[in-house]
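Accompanying notes for the structure given below.
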Amino acid sequence: MSRTSSDVLVIGGGIIGLVTAWRAAQRGLRVAVTDPEPGGGAARVAAGMLAAVTELHYGEETLLGLNLASAERYPAFVAELEAASGLDTGYRSCGTLAVALDTDDRAHLRELHALQRRSGLESEWLTGRECRRLEPMLAPGVRGGLRVDGDHQVDPRRLATALLTACERAGVIFHLGWADRLSVVRERASGVVLADGTRLAAGQVVLAAGSLSGRLAGVPEEVLPPVRPVKGQVLRLTVPPAYAPFLHRTVRAVVRGSHVYLVPRENGELVVGATSEELGWDTTVTAGGVYELLRDAHELVPGITELPLTETRAGLRPGSPDNAPLLGPTALPGLHLATGHYRNGVLLTPVTGDAMAAVLAGGELPEEARPFSPLRFPPPAAPAATTPAPATATTPASVPQEQPV
Ligand code: GLY
């Protein structure tokens, strides 16, 4: 294909953009991705919990269906991706233990357990002693917990690298630059202009730029996704061989209202996350963030203070008004969204790739993805006019027009 023209142009080379590109290329479409650093983004920070059951929240029952559909696909998805890329993704079906440290935590976990059971999910209530039998490094004060063997993990960095290789092998073209502006011709998305002025043309454009998706110039305001950045600080520690296995499965808790989780990898990495902060585009790692994570993790597993602290990092989750992703066509012909995955980007990678490829290949959103159409959000109300519009104004909602690229 020409380097500047494709059937599908994906804006954003994080895991969501990459899986969309890979799956679309598998359907025989000519696909390009634009990103200054493909394989980067929030997946470089994320812990990679596949926690459909332990991260269940009230009011998110519709999202649960999508999360479960994706979790179910994970084993086959990673097997296919590992075969296509020749790379390991670090997928581990290790299970998760959510524990309570005090009476309030226990009441909260009991409620979560009841909600899980009402939703038909598998989880088992354990006493504190039973929790410690499973995970001897847990603090003696643990009061009980929920064992969820179906919540697994993957290494998001390896996942991103494997997706990048699979895309390259499937013929996806990469443009290493920022998309500066969406091009719209005759009220249809037709490509992008990169920051260096390069024009890329495409039959269909997918906006998959994570928390940045709401900022692309040229996207008509009524179509701009309502996505905002939600900062998460995450720590990485290393378990020396003499201490292994430090933990056998993901361990998590709510400590004084804050979520903390410890995700042990087979290679000795122990990921501790995560803060949740509405601070705009700030990605500073703060002393307070690191302190709170270590304090809460230490209450759960006192032995972590012995481990080397090897990395501290902050990333931006793409939050949406209902905490669920925006998938599929927008009101602007030719423009699709794959963004707003918030806490569940890694978990939702397989199902997002399948849904987007189905749409891009000319079909409809699959059943499980239909509730997540971007059209569920009404366009922002126009500001009240201070002066009456001229009676002759007949132009419809403003769509910036450009020459074809
Ligand atoms: N799903 C984990 C997080 O967003 O911190």
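Worth knowing before you read on, the calculation uses all heavy atoms, side chains too, and leaves out hydrogens, waters and symmetry mates. Positions are given from 1, in the same order as the sequence printed here. Just so you know, ligand 1 is whichever comes first in the structure, and atom 1 is the first atom listed for that ligand.
When only non-hydrogen protein atoms are considered, atom 4 (O) of ligand 1 lies nearest to Arg317 NE, 2.7 Å. Scanning the protein heavy atoms around atom 1 (N) of ligand 1, the nearest turns out to be Arg343 O, 2.9 Å. Distance from atom 3 (C) of ligand 1 to its nearest protein heavy atom, with residue and atom name: Tyr261 OH, 3.3 Å.
Taking a cut-off of under 4.0 Å to the non-hydrogen atoms of Ala274, the atoms of ligand 1 that pass are 5 (O).
In this structure, Asp105 does not pair ionically with Arg143, as no charged nitrogen and carboxylate oxygen lie closer than 4.0 Å. For the pair Arg157 and Glu311, the salt-bridge criterion is met [side-chain N within less than 4.0 Å of a carboxylate O].
Here CE of Met356 is found 7.5 Å from CG of Leu337. Values are rounded to the nearest 0.5 Å.
The proximity of Tyr342 to ligand 1, defined as any non-hydrogen pair under 4.0 Å, does not occur for either the backbone or the side chain. Counting heavy atoms closer than 4.0 Å to ligand 1, residue Glu55 contributes side-chain atoms (C-beta onward) but none from N, CA, C or O.
Gln116 places no side-chain N or O within 3.5 Å of a backbone atom of Glu122 that could act as its donor or acceptor partner.
Relative ring orientation between Tyr243 and Phe246 is described as tilted, the plane-to-plane angle lying within the 30° to 60° band.
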